[in-house]
Amino acid sequence: MTGFLAALALQAGYNAALVTIGAALLGLSAGMAGSFLVLRKRALVSDAMAHATLPGIGVAFLVMVALGGDGRDLPGLLIGSAASALIGLVLVDWIVRRTRLAEDAAIGAVLSVFFGLGVVLLTVIQSLERGRQAGLEDFLLGATAGMLFQDAVLIAAGGLVVVAVILLLRRPMTLVAFDPGHAAAIGVRVARVDLAMMALVMAVTVIGLTLVGLILIVALLIIPAVTARFWSDRVERMLWIAGAIGGGAGYLGAALSASAPDLPTGPIIVLIAAGLFVLSLLLAPRRGLLAAILARRRFQARVHWRQGLLSLARAEPIHDPLTLRILRAQGVIRPDGVATEKGRALAARSLRDERRWDLARAMHQDTALTGRYDGLTPIETVFTADQIADFDAALGPPQAVGGQDGR
Amino acid sequence: MGAEFVQFSLTPMLIGVFAAIACALPGNFLILRRQALIGDAISHVVLPGIVVAFLVTGTVATIPMLIGAGAAALVAVVLIEVILRLGRIEPGAAMGVVFTALFAGGVLLLEQSDTSGVHLDVDHALMGNLETLIWLRASGWHSVIDPVALAHLPPELPRIAAVAALMAVLMVIFWRPLKLATFDEGFARAIGLPVSAIGLALVIAAAVAAVAAFDAVGSIIVIAMFICPPAAARLLTNALAAQVWISVGIAAGSAVLGYVLAGYGPIWMGFDHSVSAAGMIATVSGLSLALACVWGPHRTRAGGAAGA
């Protein structure tokens with residue numbers, strides 16, 4: 001526990017601090033870039049791109065070795081991975097546009113074939129004299145143990161650039177995500193904005209390779225964005241919430257991973273983000289599961305309340321236990337089921353409302369107004385006082401309604 | 001093509017062929033129903049499944065592993081459906097959330113538990129160990145009819161052959177309902193077919209194929225074979241039966257060609273090491289899809305001009 005607190009305060013050693021800061025920035029940029037990806041409904045294209053980085057890494061290594069270099073130079077490997085991710089993306093788009101295959105098939109095909117090719121290249125590299133210690137497999141799941149200062153700087157700088165570009169392009173990207181047709185009509189170049197969005201995703205994927213690896217980077221792009229969607233219907237707010245969730249998961253996960261053995265960084269970060277997702281799914285206001293259940297219960301109570309009052313007004317017997325419970329709790333009926341003074345007043349009001357509605361629906365042809373009748377909405381919220389006075393004139397004078405004493 | 005071939009290449013090649021066919025058969029319907037990425041999701045969640053099975057039983061015996069993997073696949077499918085219904089988010093994102101989280105859980109469990117003594121790691125899960133499934137007791141082609149040698153076949157071979165046969169039998173039996181539910185769900189429902197049950201059964205069949213194939217060849221081939229051969233076949237024909245036959249042909253062809261290229265290709269080119277057979281098989285199937293995308297006679301959507 002003290003180890004974890006020390007790691008949280010960046011006091012768990014130089015390497016751990018580097019990794020923690022890098023993971024937080026990566027999570028922030030991934031959450032924000034992923035928001036637009038999810039809103040554009042292209043979440044799994046990122047999976048194809050992430051897997052498509054592998055052959056690029058292999059080719060970059062081979063090229064650098066052939067040129068007499070070390071082959072393990074991180075910027076070189078990342079450039080290679082970005083190039084092959086771009087080829088993968090172009091192929092997905094090309095297959096969708098030029099053939100009748102759907103996007104999911106295109107994604108799956110690119111993902112598996114590029115990954116297969118990458119594995120072939122990895123085995124080629126392992127058979128080379130220079131390649132045996134290359135450790136390129138670390139890019140599959142990420143490896144933070146040997147992270148150097150310049151690697152951390154690369155991640156941090158890349159993450160900040162991504163965040164800056166997202167903030168610059170957030171308006172056109174929002175437009176395109178919600179209504180590409182409208183965006184095109186007002187002169188936004190949809191194809192270019194899409195390309196920019198995917199370039200941001202690619203940048204996040206590439207800088208995330210060393211930290212979480214190419215298989216799990218998809219999680220950092222999708223999970224914070226989907227989680228943030230539960231908390232807000234506004235893009236701007238969703239963007240920052242997703243960034244905060246990603247950044248928080250990155251920071252916490254890296255600290256946790258540094259504080260105990262056998263806790264690989266990438267999976268821990270992903271699992272923390274997934275935990276936040278589950279919490280949001282259950283607890284988020286309005287869109288969460290709990291909120292949905294409560295809203296349903298409230299609606300149910302309103303229906304029983306109204307129907308109970310109408311039954312009282314018409315002196316009909318009430319048998320439904322829930323209706324009886326609600327009416328008793330509100331002091332509308334006595335424990336023996338007889339209406340109280342307050343109950344008779346409320347019942348009369350409900351009945352008047354119902355009669356007014358009946359007349360309104362017979363007299364008015366405007367379905368936009370009468371269509372709002374659902375047995376729950378008070379008529380005062382739909383029609384004006386003058387209109388209601390007209391209905392009342394047609395209804396005649398108020399009448400007292402029933403109670404058991406037969407007045 | 002003598003004794004050495006039978007010993008070292010025949011069994012891996014056959015296992016590759018059967019695995020490819022077992023995945024390509026359900027893949028045909030997954031492609032048509034736009035559920036191609038179910039295969040991707042399943043092959044990721046197989047990892048936590050086998051790790052949990054290992055932690056529960058303490059062995060790497062096959063049956064518990066298969067049960068664990070199948071259970072994990074089922075859990076994933078149910079979770080995706082639950083999140084779709086409760087969260088009202090798009091299917092791709094729901095899928096992405098579930099399979100990455102489960103995969104991360106699998107990796108974490110693997111790191112946490114002591115699996116150093118057994119052959120269980122992420123690389124193996126991804127790439128399989130096709131090259132190691134050799135038949136040492138064989139001494140030549142005559143071993144194929146020698147019961148003593150046959151008893152020492154790698155157990156993966158009869159298992160994956162049985163699964164491939166099971167897929168074929170299921171497909172023949174349920175051909176009509178599957179076809180109806182895939183192409184005209186409304187009509188299928190109207191004539192009383194249990195459409196949702198058929199959909200779930202297809203996903204379960206795909207999971208069984210994925211888990212069995214994964215055991216022998218790793219998850220790369222599984223994803224590639226679910227998608228590439230059926231997708232290529234879809235661009236070559238408009239008839240479903242023809243599409244299935246062509247996809248089986250492409251799957252088997254990719255497996256054989258990929259294995260040969262991986263095993264002998266580098267040697268022909270003067271290297272002395274072979275490359276990953278699983279990766280090469282996936283690559284070859286991808287090349288076949290690429291050819292179909294460029295020249296397939298039915299590559300465009302109905303109404304669209306070829307090459308438009």
Side-chain angles (χ1 to χ4, degrees), chain A residues 38 41-47 94-95 98-124 126-127 137 140-141 215-216 218-219 221-223 225-227 229-230 262-264 266-271 273-274 277 281 287 289 292, chain B residues 31 34-37 39-40 44 83 86-90 92-97 100-101 103-105 107-108 111-112 122-123 126-127 220-221 223-224 226-228 231 234-235 262 266 271-276 278-283 285-287 289 292-293 296 298-302 304:
Chain A
V38 168
K41 300 198 195 309
R42 301 194 76 191
L44 285 177
V45 177
S46 64
D47 202 20
W94 183 82
I95 291 175
R98 294 291 295 271
T99 75
R100 63 181 182 181
L101 295 175
E103 187 171 50
D104 63 330
I107 290 172
V110 166
L111 178 156
S112 56
V113 172
F114 272 66
F115 196 71
L117 185 63
V119 169
V120 169
L121 288 173
L122 284 190
T123 51
V124 169
Q126 271 161 358
S127 72
E137 294 80 12
L140 293 180
L141 290 171
I215 300 179
L216 287 178
V218 185
L221 283 163
I222 298 178
I223 298 179
V226 171
T227 308
R229 186 68 189 82
F230 281 107
D262 297 333
L263 290 178
I268 288 284
I269 295 175
V270 172
L271 287 175
F277 166 79
L281 176 71
R287 283 174 66 97
L289 186 59
Chain B
I31 291 271
R34 311 218 157 170
Q35 293 180 323
L37 290 172
D40 181 25
H44 279 87
I83 289 180
L86 297 184
R88 287 165 290 165
I89 50 183
E90 55 137 345
M95 214 185 266
V97 170
T100 54
F103 187 81
V107 176
L108 182 66
E111 295 283 329
Q112 287 277 296
V122 179
D123 288 357
L126 290 172
M127 305 169 199
I220 309 170
I221 295 195
I223 309 174
F226 267 128
I227 297 174
C228 292
R234 169 114 176 87
L235 302 179
F271 295 103
D272 53 350
H273 289 278
S274 59
V275 298
S276 161
M280 193 54 101
I281 292 173
T283 308
S285 75
L287 288 179
L289 174 60
C293 279
H298 296 281
R299 63 183 180 278
T300 51
R301 289 185 183 87

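Note that the structure is a prediction, hence the values are computed from the model and not measured. Below, chain A is the first sequence line, B the second, and so on; all start at residue 1.
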Portion of [X] that has a non-hydrogen atom of chain B nearer than 4.5 angstrom:
{"X": "A:I269", "value": "neither"}
{"X": "A:L101", "value": "both"}
{"X": "A:V124", "value": "both"}
{"X": "A:L117", "value": "both"}
{"X": "A:L111", "value": "side chain"}

Under 3.5 Å donor-acceptor, A:D104 side chain and B:A36 backbone: yes
Given 3.5 Å as the limit, does a donor-acceptor pair link the side chain of A:R100 with the main chain of B:H298, or not? yes
Please state whether the side chain, the backbone, both or neither of B:L37 comes within less than 4.5 Å of a heavy atom of chain A. both
Nearest atoms (heavy-atom pairs only) where A:S112 meets B:C228: OG-SG, 4.3 Å
Indicate the atoms forming the closest heavy-atom contact of A:T99 with B:C293, along with that distance. CG2-SG, 3.8 Å
Determine the option with the most heavy-atom pairs under 4.5 angstrom with chain B, choosing from A:V218, A:I223, A:I268. A:I223
According to side-chain hydrogen bond (donor to acceptor under 3.5 Å, both in side chains), who are the partners of A:E103, at least two apart in sequence or on a separate chain? A:R42
Who passes side-chain hydrogen bond (donor to acceptor under 3.5 Å, both in side chains) against B:R234, sequence neighbours left out? none
